[in-house]
A.B. asks: 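I'd like to ask you about the structure that follows.
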Number of protein chains: 2
Amino acid sequence: MKSDDYRVRPGKKISLNDVPTDDARGCTKEEALVRKPQLLLHLTKLQERLYAEEKQSLLVVLQTRDAGGKDGTVKHVFTGLNPQGVNVTPFKEPTPVEQGHDFLWRVHPHTPAAGMIGIFNRSYYEDVLVTRVHGEVRTGEVERRFEQICAFEELLQSQGTRILKFHLHISKDEQKQRFQERLDNPEKQWKFSANDLSERKLWDEYTGAYEDMLRSTTTDTAPWYVIPADRKWFRNDVISRIVLETLTDMDPQFPEVTFDPKTIHLR
Amino acid sequence: MKSDDYRVRPGKKISLNDVPTDDARGCTKEEALVRKPQLLLHLTKLQERLYAEEKQSLLVVLQTRDAGGKDGTVKHVFTGLNPQGVNVTPFKEPTPVEQGHDFLWRVHPHTPAAGMIGIFNRSYYEDVLVTRVHGEVRTGEVERRFEQICAFEELLQSQGTRILKFHLHISKDEQKQRFQERLDNPEKQWKFSANDLSERKLWDEYTGAYEDMLRSTTTDTAPWYVIPADRKWFRNDVISRIVLETLTDMDPQFPEVTFDPKTIHLR
């Protein structure tokens with residue numbers, strides 16, 4: 001796998017309908033399942049160093065349509081890491097208090113501190129997607145928010161935060177199937193909401209909003225990745241590998257101590 | 001194992017020097033290691049229900065001396081749970097801003113929301129331990145804080161939060177050995193601080209402060225447990241079992257939906 005294959009290039013228009021949702025690039029489920037514990041082992045080692053170093057942090061943003069696999073990605077990619085070094089923030093519909101502020105106000109307190117991996121399950125990108133599709137913000141305002149988002153991400157990066165943004169790309173059929181599974185399984189029915197149906201009707205409007213978002217907010221340092229996500233095992237495998245690649249590149253180190261351990265005598 | 005064996009009874013004086021730090025009650029390391037994946041499997045299932053139910057929450061408070069095993073407990077007991085449902089908050093020395101408020105001010109925002117497991121790595125109990133041993137608060141103030149803590153915990157419980165408080169009980173020799181291991185291992189040296197040595201000299205003062213704290217703040221509904229913690233595998237095993245026992249007793253349920261799934265037809 002080359003992670004570059006999934007990366008959205010700055011300034012290039014993207015047509016989501018031309019990007020396959022079920023392409024596994026010749027990789028088999030068996031290969032992915034064999035690789036999973038190995039990836040996790042490497043991830044935990046790097047996480048330990050990141051936490052000890054306490055200089056850099058990693059922010060992972062997950063966006064997708066309803067039933068697109070955000071919760072599953074959190075569960076399958078990040079379970080097994082030390083929870084002390086991971087912070088997951090799910091962003092729901094803004095409260096009245098939150099709506100009294102700019103759209104980044106509620107997000108800022110949850111950005112990962114040095115040493116941490118922060119995961120946004122939905123994010124500030126909802127404010128250029130759902131609000132836009134429902135006509136709550138004008139096009140000019142959306143353009144302005146794209147710039148505000150880029151400035152915000154640049155601020156985080158200047159403090160040592162690496163940013164990875166994943167759009168989990170599923171087909172309309174796959175969504176239908178997942179909704180049906182939720183309806184059929186008494187332990188999953190709570191995940192279904194009538195709202196999901198009305199949003200599904202706006203499929204094409206969302207496609208356009210996603211395309212604009214991806215094109216306007218992907219950068220060399222805070223790239224968007226479009227991940228074929230119909231097959232859950234493949235989605236998890238690719239994201240794990242991109243996270244591992246990124247942490248490897250960040251190369252965190254155990255801190256050097258300022259004292260000489262040999263001079264300390266315990267009593 | 002009976003978790004009651006480790007529970008501190010309200011109104012009963014406790015003498016920590018009489019409580020063994022290395023008693024494994026006939027349990028072997030092999031038994032504990034075999035049990036570990038089973039415990040984790042049950043924990044993850046209950047965690048999933050707790051998160052879905054979104055009515056109750058669990059707060060786990062970890063207190064102990066330096067090198068007592070807080071980080072290790074978080075790592076070994078809670079790694080493997082879905083990080084989306086777990087929130088670990090390590091409390092460090094208060095900042096000047098935090099010191100400008102009452103001692104519960106910085107804690108309150110981190111109490112677990114409905115559906116969540118919150119873990120406090122150190123906690124508001126430091127404010128009746130370290131501050132007391134260093135003479136920063138008078139005895140009368142400590143007594144007052146005990147009452148304020150009980151009122152605070154009652155508030156959390158009234159909203160559906162279950163509270164478990166663990167004192168990881170290690171011997172002075174075990175602490176020495178763990179400090180030495182940190183000094184000898186380049187990947188662990190960063191965990192050692194000169195401050196650890198001066199605190200070690202106050203061993204007996206801390207013992208007294210812990211005893212008062214345990215006696216004054218253990219209740220039937222928010223009990224303290226004193227866990228023999230010289231053997232890490234035993235500590236992890238007992239805590240996992242008490243957490244599992246508690247979640248089992250909380251008995252979270254998947255929410256029932258208000259719609260009839262059969263009437264929904266997807267297109």
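Just so it is clear: chains get the letters A, B, ... in the order the sequence lines come, proteins before strands, and each one is counted from 1. The figures that follow rest on heavy atoms only: side chains count, while hydrogens, waters and symmetry mates do not.
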A.B. asks: Counting only heavy atoms closer than 4.5 Å, note whether B:Leu81 contacts chain A via side chain, backbone, both or neither.
C.D. replies: backbone

A.B. asks: Between A:Pro83 and chain B, with a heavy-atom cut-off of 4.5 Å, which part of the residue counts as in contact: side chain, backbone, both or neither?
C.D. replies: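 It is both, since atoms from each part get that close.
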
A.B. asks: Flag the one option from B:Lys75, B:Lys201, B:Gln84 with the top tally of heavy-atom pairs under 4.5 Å to chain A.
C.D. replies: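 Among the listed options, the one with the most contacts to chain A is B:Gln84.
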
A.B. asks: Between B:Glu54 and chain A, which part of the residue has a heavy atom less than 4.5 Å away: side chain, backbone, both or neither?
C.D. replies: side chain

A.B. asks: Please state whether the side chain, the backbone, both or neither of A:Phe179 comes within less than 4.5 Å of a heavy atom of chain B.
C.D. replies: both

A.B. asks: Just so I understand: if I count every heavy-atom pair under 4.5 Å between each of B:Leu266, B:Val86, B:Leu183 and chain A, which residue has the most?
C.D. replies: B:Leu266

A.B. asks: What part of A:Asn82 is in contact with chain B, defined as an atom under 4.5 angstrom from a non-hydrogen atom: side chain, backbone, both or neither?
C.D. replies: both

A.B. asks: Is it true that a side-chain atom of A:His169 and a backbone atom of A:Leu16 form a donor plus acceptor pair closer than 3.5 Å?
C.D. replies: yes

A.B. asks: Top residue by heavy-atom pair count (under 4.5 Å) with chain A, among B:Asn121, B:Asp184, B:Leu197?
C.D. replies: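 Looking at each of B:Asn121, B:Asp184, B:Leu197 in turn, B:Asn121 comes out on top.
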
A.B. asks: Measure distances from A:Arg49 to the heavy atoms of chain B and classify the residue's part below 4.5 Å as side chain, backbone, both or neither.
C.D. replies: side chain

A.B. asks: Is the side chain of A:Glu53 donor-acceptor paired with the backbone N or O of A:Gln253 at a distance under 3.5 Å, no angle test?
C.D. replies: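 It does hold such a pair.
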
A.B. asks: To the nearest 0.5 Å, how far apart are CG in B:Leu129 and CG in B:Leu202?
C.D. replies: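 With rounding to 0.5 Å, CG (B:Leu129) is 12.5 Å from CG (B:Leu202).
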
A.B. asks: For residues 233-250 of chain B, give me every residue with a non-hydrogen atom less than 4.5 Å from any non-hydrogen atom of chain A.
C.D. replies: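 The residues closer than 4.5 Å to chain A amount to none at all.
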
A.B. asks: Where does B:Pro255 contact chain A at under 4.5 Å (heavy atoms): side chain, backbone, both or neither?
C.D. replies: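 Looking at B:Pro255, backbone and side chain both touch chain A.
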
